[in-house]
Amino acid sequence: DATLWPPFAWTIIFGLILGSILTIFFVPAFYNFLYRKQYKTLISPVASVFLFITLLGVTPYEVLAKEKVTFKDAMEQSKSSNIVYQATRNLSISKNEFSIKWRSTYLPRVGMELERRYADEAQVQSTPVGDIIGVFKNTTSGSLYLQNKLFDASEMMFKTPAIKDLIQARQLDKGRAEKISQYQTAIIYLSILETKIKLNSLAELRSNLKKRKSEVRRLFKLGRVSEVDLLKIDSSLDDTQQGILELTKILPSLRLSLGKSLGLSIEKDTIDVNNFVGSLKKLTREASDVKPRNREDIKSLQVQIESQEKMLKSINYEYLPKLSIDLRSHYQSPTLFQDERWYSAAVVMNWNIFEGATRSSRKAVNLARLNQLRRNKQEAERQAKVDKDRAKGLLSANLSEISVRQKGFKRALKVVRIEFARYKRGKSSLNDILDAEDLLKDLREKKDLVFLEFVKSHIDLLLAQGYPISL
């Protein structure tokens with residue numbers, strides 16, 4: 001029961017806890033952060049900074065990506081993007097609006113009214129039986145009331161269900177936003193893969209040119225070729241190296257875009273092209289037409305149309321009378337009667353026959369919104385059909401192109417071997433070999449990129465048909 005010791009004890013406990021946290025975590029992390037260049041520590045600098053920020057109560061927006069970012073991981077992580085957040089926020093707002101409307105329509109209202117009235121003088125009426133005070137000079141009155149709607153056709157039959165429909169529409173919008181976010185992430189992911197494929201193609205060309213250079217140098221020492229051939233090889237190597245450097249500069253910006261979409265910090269190469277292309281080859285063998293289905297955005301527009309139609313009908317039903325119940329506990333002092341407190345119950349009918357011609361204006365506004373929603377739905381259906389037909393056409397074209405590119409690559413590989421054999425026998429020039437190598441590089445690149453084009457068309461078809469983006 002003492003007033004001194006309990007607060008004093010809690011102060012000591014809090015101080016010990018805070019001091020332990022600072023001693024065990026904060027001080028070593030901060031020391032490691034300052035002197036990590038001078039001493040070898042068990043904790044990494046990145047971990048030190050992360051721990052330091054965390055202990056300060058600041059949560060970093062980005063976290064480091066794991067060892068490998070697969071396409072499936074990217075699709076899952078993209079659901080936390082900003083566009084999905086906005087859709088989730090709109091869904092939450094609609095739920096709150098429905099909750100407000102439902103409670104105001106069906107739940108009772110409880111309140112209190114108080115009044116203190118002053119008059120300049122009391123009003124007294126003289127009668128044969130004596131004076132009767134009609135109005136007291138100072139009067140205090142009040143009531144505690146409970147009111148509840150019994151019948152309101154406009155609110156109960158149309159407005160409340162209309163807002164409930166909006167929740168379903170916002171849920172559908174959220175699902176569509178997730179798919180759009182997945183699509184945007186997939187496009188960035190495929191752009192990174194495309195750049196890496198081009199880099200691999202240039203790296204393969206550089207490796208082949210180095211081998212050719214060694215052979216050309218050997219032939220030069222034997223006096224069978226001129227020094228010009230060596231210079232041509234070096235020039236081709238320089239051009240290839242320049243192309244590699246240009247593509248290497250593009251990759252960090254693409255990784256930054258992907259990290260922004262995923263909420264991660266992708267600071268190194270975390271995408272394996274070979275495994276991904278292998279999965280695409282399997283996908284091409286199993287590719288089939290995607291069955292049509294109603295997209296979430298079109299469903300959402302249909303639900304919004306139905307909701308707007310209910311809102312329009314609710315205006316017509318405002319002409320009907322509204323019924324409510326009113327229960328009150330009254331108090332007044334002074335009073336003409338013996339009891340200062342009494343109770344009352346009433347069924348109230350409210351009939352708004354004319355509201356200053358506002359109903360016709362509100363009808364016009366709601367009708368304009370309804371027509372706009374109908375036009376938006378028709379446009380969305382037409383655009384969905386266009387997107388679907390376009391994606392199917394590209395998908396079919398890419399499927400046929402895959403086999404063509406594979407055959408072309410095999411022929412170009414054979415041409416390179418033949419040209420180099422002829423060059424060693426002195427029957428062709430170095431320019432023929434370099435042209436064949438460039439052709440081989442282009443066909444190798446196109447052979448791999450055609451799989452990405454196929455996946456891009458497949459993703460376009462999935463988005464057009466309203467399916468989640470997956471492989």
Side-chain angles (χ1 to χ4, degrees), residues 1-7 10 92-167 310-363 365-366:
D1 296 333
T3 58
L4 174 64
W5 297 113
W10 280 111
S92 177
I93 292 174
S94 296
K95 288 182 178 180
N96 290 331
E97 290 176 349
F98 172 72
S99 177
I100 292 171
K101 175 60 69 175
W102 189 90
R103 292 178 182 179
S104 64
T105 302
Y106 292 99
L107 296 184
R109 296 173 55 207
V110 178
M112 179 183 294
E113 294 178 354
L114 295 175
E115 181 181 297
R116 177 68 174 173
R117 186 181 295 274
Y118 298 93
D120 57 347
E121 61 181 14
Q123 300 295 321
V124 181
Q125 180 66 41
S126 298
T127 65
V129 296
D131 294 339
I132 299 176
I133 300 177
V135 177
F136 295 95
K137 188 173 183 180
N138 297 324
T139 305
T140 301
S141 62
S143 63
L144 180 66
Y145 64 85
L146 183 148
Q147 297 173 343
N148 194 22
K149 294 180 180 179
L150 296 178
F151 176 75
D152 187 340
S154 177
E155 295 282 346
M156 295 179 176
M157 297 173 60
F158 298 102
K159 287 185 179 180
T160 303
I163 296 178
K164 187 177 182 180
D165 289 342
L166 287 180
I167 297 178
K310 292 177 182 177
M311 293 296 291
L312 192 59
K313 290 180 180 179
S314 70
I315 299 176
N316 296 328
Y317 278 77
E318 289 178 1
Y319 290 103
L320 296 179
K322 304 173 184 178
L323 298 178
S324 61
I325 188 171
D326 189 317
L327 304 177
R328 292 179 179 263
S329 173
H330 301 270
Y331 170 82
Q332 182 175 331
S333 178
T335 180
L336 296 174
F337 307 103
Q338 183 176 2
D339 294 330
E340 295 181 342
R341 294 180 178 82
W342 70 96
Y343 303 95
S344 65
V347 176
V348 182
M349 184 186 75
N350 184 11
W351 197 350
N352 295 325
I353 300 176
F354 180 73
E355 292 186 355
T358 60
R359 289 192 179 114
S360 59
S361 300
R362 287 189 285 125
K363 280 183 181 180
V365 171
N366 281 273

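All of these numbers come straight from a predicted model, not from anything done at the bench.
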> Is there a side-chain contact between E115 and T139, using heavy atoms and a 4.5 Å cut-off?
Replying inline: no
>> Checking I167 against E97 for the side-chain contact (heavy atoms from CB on, under 4.5 Å) test, could you report, in this order, the C-alpha distance in whole Å, the side-chain angles of both residues, the deciding distance, and whether it holds?
In response: CA-CA 9 Å; I167 297 178; E97 290 176 349; over 6 Å; no
>> Donor-acceptor pair, distance only, cut-off 3.5 Å: does the side chain of S154 make one with the backbone of S314?
In response: yes
>> For D165 versus K310, what's the shortest heavy-atom pair and its separation?
In response: OD2-NZ, 2.8 Å
> Listed by chain and number, what are the side chain to side chain contact (heavy atoms under 4.5 Å, CB included) partners of S361, not counting sequence neighbours?
Replying inline: none
>> What's the separation between atom CG in D152 and atom CG in L323, rounded to the nearest 0.5 Å?
In response: 9.5 Å
> Under the side-chain hydrogen bond (donor to acceptor under 3.5 Å, both in side chains) test, which residues partner K313, sequence neighbours left out?
Replying inline: none
> Who passes side chain to side chain contact (heavy atoms under 4.5 Å, CB included) against N138, sequence neighbours left out?
Replying inline: R116, Y118
> Residues in side chain to side chain contact (heavy atoms under 4.5 Å, CB included) with T358, at least two apart?
Replying inline: E355, R362
Report, one line per pair, each donor and acceptor closer than 3.5 Å where one atom sits in a side chain of residues 343-353; sequence neighbours left out.
{"from": "S344", "atom 1": "OG", "to": "H330", "atom 2": "NE2", "distance (Å)": "2.8"}
{"from": "W351", "atom 1": "NE1", "to": "Y319", "atom 2": "O", "distance (Å)": "2.6"}

> Which atoms form the tightest heavy-atom contact between R328 and S143, and what is the distance?
Replying inline: NH1-OG, 3.2 Å
>> Would you compute the distance between atom CZ of R117 and atom OG1 of T140 and round it to the nearest 0.5 angstrom?
In response: 11.0 Å
> Are E318 and K159 close enough that some pair of their side-chain heavy atoms sits under 4.5 Å apart?
Replying inline: yes
> If you round to the nearest 0.5 Å, how far is CD of Q332 from CH2 of W342?
Replying inline: 5.0 Å
> Hey, does E155 have a side-chain heavy atom less than 4.5 Å from the side chain of K322?
Replying inline: no
> What is the distance from atom CZ of F158 to atom CD1 of I315, rounded to the nearest 0.5 Å?
Replying inline: 11.5 Å
> Looking at R103, K95, K101, which one forms a side chain to side chain donor-acceptor pair (under 3.5 Å) with S99?
Replying inline: R103
> At what distance, to the nearest 0.5 angstrom, does CG of N316 lie from CZ of R359?
Replying inline: 9.5 Å
> To the nearest 0.5 Å, how far apart are CZ in R109 and CG in L146?
Replying inline: 10.0 Å
>> My understanding is that only residues two or more places apart in sequence, or in another chain, count here; which of them pass side chain to side chain contact (heavy atoms under 4.5 Å, CB included) with A153?
In response: F151, M157, Y317, L320
